[in-house]
Amino acid sequence: MTNTISILGSTGSIGRQTLEVAEQMGLQVAALTAHSSVDRMEAQVRQFRPRLAVMTDEAAAKELAIRLADTNTKVLGGFDALCEAATAPEADTVVTAVVGMVGLKPTLAAIEEKKRIALANKETLVCAGELVMDAADANGAEIIPVDSEHSAIFQCVQGCADRREIKRLILTCSGGPFYGMGYDEVGKMTRADALKHPNWAMGPKITVDSATLMNKGLEVIEAMRLYRLPLEQVSVVIHRQSIIHSLVEYHDGAVMAQLGTPDMRLPIRYAMTYPNRGYSPAEPLDLLKCPPLTFAEPDRGVFSCLRMAEEAATEGGTACAILNGANEEAVGLFLADKIGFHDIARLVAKARAEVPVVQSPSLEEILAADAAAREAVLR
Ligand code: NDP
Ligand code: MG
């Protein structure tokens, strides 16, 4: 059970919803971090009074320090300060809600301090899942997933003492805004089209990932790392309504599912209250008012990012770090209107073809693979 939190990425979609939950639950806040959103950070600091506020952008940190001169909050700038926020001694739980693999080092630092990790930042597990899970085991740190699918699976495996009883994890996937379109039609879709997600309001990077289905590919890898299962035991099914958040099939034929209205505050709150459950103000699920629940196979021909992620997951080593680094860079170009929608998949494929995979990588080798993949995209 959580009393005091630090949030890495407090100004983003998950970060802001976490602060809503913190306010409802009366949690203390030790440290908050953001990249450059000074206005939002100033408001958060004035409301939640953390001891530490970090802006990774140095100019933003200087500006924030001036604005907060009348408060007791210490302001730090730069990337290294993220680790200081992640290890703030008062916090028992660190919510990792930054976007991208910048979350890796601070997550490892928090694990070393035996913090509970409420993990939203999926890129960290995708790039260095084995390192992170091994570090968590070695330090006895709990990793509680916040991603709705992985929270659903986590809830469905409560009471399962022997993971060998699990036959298969089934991740549900909304299909994104371009579900059902052919390859050529999808190729014409713009940044504005990709940013219209049917069921969830999220940050821009994950929204584009949801349109390419790379998000589901990253989630397949995330599930494999969290539960140490091979790809054959992790499957994806399209479920347009986002009511069933994911399922676990056991060897005896029982299939457990977690259902709820699509509201990230539920998995965020569960990561705080686990192993207990608290009250949630989220809209209750009324089965009689639900649309019919439908299921379909994803189209890996049109949405090749899902297939590429599954291939990288099977190859292992630095393959997933290369896939992720290339995708982060390519999505950045797409969001800047510099490339088309199918160029994202094309550039990820280019980086995967050009950057050699190293097996059983060290942290340094993972960071080098990430850098090489980004370079391959920009070359
Ligand atoms: P947002 O883009 O909304 O927020 C990202 C946060 O990270 C902001 O606080 C931002 O600060 C900060 N940030 C951005 N770039 C950097 C950087 N280079 N260094 C340090 N901090 C940085 O993202 P989301 O909240 O949507 O997603 C966060 C993570 O959670 C992602 O990994 C995503 O995949 C995962 N997730 C999100 C879900 C959702 O519903 N949104 C659902 C499941 C998982 P600033 O505001 O200053 O830019
Ligand atoms: Mg998800």
Is it true that [X] and [Y] have a side-chain N and a carboxylate O under 4.0 angstrom from each other?
X	Y	value
Arg374	Asp370	yes
Lys205	Glu328	no
Arg300	Glu311	no
Arg16	Glu20	no
Asp57	Lys62	no
Glu142	Lys114	no
Arg228	Asp134	yes

List the atom of [X], the atom of [Y], and the distance in Å for their closest heavy-atom pair.
X	Y	answer
Met101	Ile366	CE-CG2, 4.4 Å
Ser174	Ser242	CB-OG, 3.6 Å
Arg225	Cys320	NH2-SG, 3.8 Å
Arg49	Thr73	C-OG1, 4.4 Å
Ile14	Ala120	CG2-CB, 3.9 Å

With side chains defined as the heavy atoms from C-beta onward, is the minimum distance between [X] and [Y] less than 4.5 Å?
X	Y	answer
Leu218	Leu323	yes
Arg51	Pro89	yes
Thr107	Thr124	yes
Leu125	Met133	yes
Leu259	His245	no
Leu333	Asp343	no
Val99	Ile206	no
Ser280	Tyr270	no

Could you verify whether a donor N or O on one side chain and an acceptor N or O on the other, from [X] and [Y], lie under 3.5 Å apart?
X	Y	result
Glu123	Asn121	yes
Gln155	Ser151	yes
Ser235	Arg168	yes
Ser10	Gln44	yes
Gln241	Thr294	yes

Are there more than 12 heavy atoms of other residues, nucleotides or ligands under 6.0 Å from atom [atom1] of [X]?
X	atom1	answer
Lys167	NZ	no
Gln28	CD	no
Asp286	CG	yes
Arg379	CZ	yes
Met25	CE	yes

Are [X] and [Y] in one and the same hydrophobic cluster, where Ile, Leu, Val, Met, Phe, Trp and Tyr link if side-chain heavy atoms are under 4.5 Å apart?
X	Y	result
Ile268	Ile143	no
Val208	Met264	no
Val126	Leu367	no
Leu108	Leu119	yes
Val157	Leu266	no

Taking atom [atom1] of [X] and atom [atom2] of [Y], what is their separation to the nearest 0.5 Å?
X	Y	atom1	atom2	result
Gln47	Leu19	CD	CG	7.5 Å
Asn324	Ile221	CG	CD1	8.0 Å
Asn139	Glu112	CG	CD	6.0 Å
Leu226	Glu149	CG	CD	12.0 Å
Cys173	Glu219	SG	CD	8.0 Å
Leu378	Glu329	CG	CD	4.5 Å

Original post:
Has the side chain of Thr4 got a donor or acceptor atom that lies under 3.5 Å from a matching backbone atom of Ala91?
Top reply: no
Original post:
So Phe341 and Phe334, would you call those rings parallel, tilted or perpendicular, with 30° and 60° as cut-offs?
Top reply: perpendicular
**OP:** Evaluate the side chain to side chain contact (heavy atoms under 4.5 Å, CB included) criterion for residues Lys115 and Thr93: first the C-alpha distance (whole Å), next the side-chain angles of each, then the deciding distance (0.1 Å), finally the verdict.
**Re:** CA-CA 5 Å; Lys115 309 283 190 198; Thr93 298; over 6 Å; no
**OP:** Give a yes or no on whether the ring-centroid distance for Phe154 and Tyr274 is below 6.0 angstrom.
**Re:** yes
**OP:** Examine Tyr183 together with His342 and report whether their ring centres are nearer than 6.0 Å.
**Re:** yes
Subject >> side chain to side chain contact (heavy atoms under 4.5 Å, CB included) between Ile243 and Leu293, worked out >> reply: CA-CA 8 Å; Ile243 298 289; Leu293 304 183; 3.9 Å; yes
